[in-house]
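Below is one structure, written out as structure tokens; the observations come after it.
Numbers restart at 1 for each chain; the letters A, B, ... are given by sequence-line order, proteins then strands. Note that these values count all heavy atoms, side chains included, but never hydrogens, waters or copies made by symmetry.
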Amino acid sequence: MDLKVQGLSHRYDDLEVLRGIDLTIRQGEIVSVIGPSGCGKSTLLRLIGGLERPTEGEVLQVGEPPADSLNPLTYVFQDFALLPWRTVKGNVSLVLESKGLAQAETDARIADVLARTRLTDFADAIPKQLSGGMKQRVAIARALSVNPAVLLMDEPLSALDSQTRELLMDDLIQLWAREPFTSCYVTHNLNEAVRLGHKVVVLSRRPGVIREIVTIDTPVPKRSISDPALAEIQQSLWEMMREEAMTADMELADG
Amino acid sequence: MADEPERAQPVKFRGGGFVSKPRRFVAPLVFAVLIAIWEWGARAGWISPLVLPAPSEAFEAFKDLVESGQLLRHLSASLQRLIVGFTAGTTLGLTVGTFIGLFSIARSGLAPLVAAIFPIPKIALLPLFIIWFGIGEGSKVATILFGSFFPTVIATYSGIDNVDRGLIRMGQSFNLTYRDIVRKIVLPAALPAILSGMRISASISIILLVAAEMIGAEYGIGAYVLLAGNLMATDQLIAGVAMLSILGLTVNWLINLAERRFLKWRA
Ligand SMILES: Nc1ncnc2c1ncn2[C@@H]1O[C@H](COP(=O)(O)OP(=O)(O)OP(=O)(O)O)[C@@H](O)[C@H]1O
Ligand SMILES: [Mg+2]
């Protein structure tokens, strides 16, 4: 299943946030979205996943989602959004309950995603016992458990320290290599964008329009931190964003 | 200067303090000492037995109460009113509070009403309740019900108002049904607020229980205390008041237990 964003514009009362966004997210492809803070990245993601209605334009699902997908458009949130009173296992089972699965099937799915995110030993821990990185792995496990057609990730790593971020990044790359997922990955971290994205979408400052879409051909699992080609792309992205970021930084939030 | 050893001294400690550490033996000791002084004062004669009887006499009065079988009568009458009134008030309060928390129409219609009735000391309504429900159990239970209803309503809907919207959005993003979002996300997240509301409404209920029993009841701890006062039987009076203290402590302990059981997850 592909996702097609067509002529998407959005405003909050007088505040124009996004203007004329056209974008296609193809099956098996990770699309990174970068842009200065406040340019409407999170808004774009909420619109894509149907958590908010666009003022103009539409988001189309092209083709059918896989039959076994319980929740085709699935989010991974920046602040994890785990229920603090449920265990790791309980947080995953939350999204499987009342989906009409047999108990055995539910258990199998939970065991599978916990194994894939290396959380099997922590199945019965509750969130307050976990580190930030583990919490985000739980959120990723929860997202994977519903067999998403598209993973919508809003700065999933930005609440984490840089070492943990590096580890989780490797996890994401491994997960993708094993079983390519489709994803829209919003971040303000250029390095993450370049390491994960097949395409990097650069948004301008508010109102966000697409300034450029950079395609990166190196296969995702083969990219390394020290790859000079990637460093060059990252550098050129930074040049593009620098001025936008500086101007955006000077604006008042309600301006 | 280079080879002359610098004078070294340890950095002075200036942190610490401002943390309360539990000291288990202190509280029982304070109690024991106070009671001992009181007992001694009464026996030595510088506390008049009419004003304040010795603890041992209050204890004797309590023993009489047990042996005559009156304790069971008073206590069961009180507990029954308290449990029925409090349970009904809390259940209704939870329901109404949840509706106000979830639906704008309920909020616009009911929240001002609740705000207007909440500050009335419910004991002022007792005469009205006596007219409506009779002098018997009805009016007493209704007073307690009213007293525990309003704090619970307010605690419940403000608890729901403060539920992390991110969690609700997460539930929606996984296509959870409205019912499931309420049952599995909203209500558990509001539970801490609901339990602290319950602590307040429980103590209000005990106050109302005693007040209502003092106004017109044959049995009940409030009636017992009032009668003892009228007869100047201060030993019985002290025994009754001590029972009220124990009742309050027990209720508090039960709520602590519930918090520890259900709110383990809080950071
Ligand atoms: N529900 C809302 N109502 C009104 N304004 C909003 C709302 N949500 C976001 N905004 C405004 O829209 C603009 C874009 O917000 P958005 O969160 O999409 O930006 P972002 O690119 O994700 O920023 P960041 O990098 O800080 O995460 C901001 O100026 C924000 O204040
Ligand atoms: Mg954002």
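Among the residues in residues 173-191 of chain B, those with a non-hydrogen atom closer than 4.5 angstrom to a non-hydrogen atom of chain A are Ser173(B), Phe174(B), Asn175(B), Leu176(B), Asp180(B), Lys184(B), Ile185(B), Pro188(B), Ala189(B). Chain A is approached within less than 4.5 Å, heavy atom to heavy atom, by Lys264(B), Trp265(B) from residues 243-265 of chain B, ordered by number.
For CZ of Arg165(B), the number of neighbouring non-hydrogen atoms (other residues, nucleotides, ligands) closer than 6.0 Å is greater than 12. Counting non-hydrogen atoms of other residues, nucleotides and ligands closer than 6.0 Å to CZ of Phe99(B) gives a total of 12 or fewer. No more than 12 heavy atoms of other residues, nucleotides or ligands shown are found within 6.0 angstrom of NZ on Lys4(A). Within a 6.0 Å sphere centred on NZ of Lys89(A), other residues, nucleotides and ligands contribute 12 heavy atoms or fewer. More than 12 heavy-atom neighbours from other residues, nucleotides or ligands sit within 6.0 angstrom of CD1 on Ile120(B). For Gln80(B), the CD atom counts as loosely surrounded, since its 6.0 Å shell holds 12 or fewer non-hydrogen atoms of other residues, nucleotides or ligands.
Within the 4.5 angstrom heavy-atom criterion, atoms from both the backbone and the side chain of Tyr75(A) approach chain B. Heavy atoms of Arg46(A) lying under 4.5 Å from chain B belong exclusively to its side chain. The contact between Val146(A) and chain B is made entirely by side chain atoms (from C-beta outward), counting heavy-atom distances below 4.5 Å. Heavy atoms of Leu152(A) lying under 4.5 Å from chain B are absent altogether.
The two residues Ala81(A) and Gly166(B) have their closest heavy-atom pair at CB-O, 4.2 Å. For the pair Leu82(A) and Leu167(B), the tightest heavy-atom approach, listed with the atom from each and the gap, is O-CD2, 3.5 Å.
Taking chain B as the reference chain and counting heavy-atom pairs below 4.5 Å, the highest number among Leu73(A), Thr74(A), Leu94(A) is found for Leu94(A). The candidate from Phe77(A), Phe80(A), Trp85(A) with the greatest count of non-hydrogen atom pairs under 4.5 Å with chain B is Trp85(A). Per-residue counts of heavy-atom pairs under 4.5 Å with chain A were compared for Gln172(B), Met170(B), Arg266(B); the largest is that of Met170(B).
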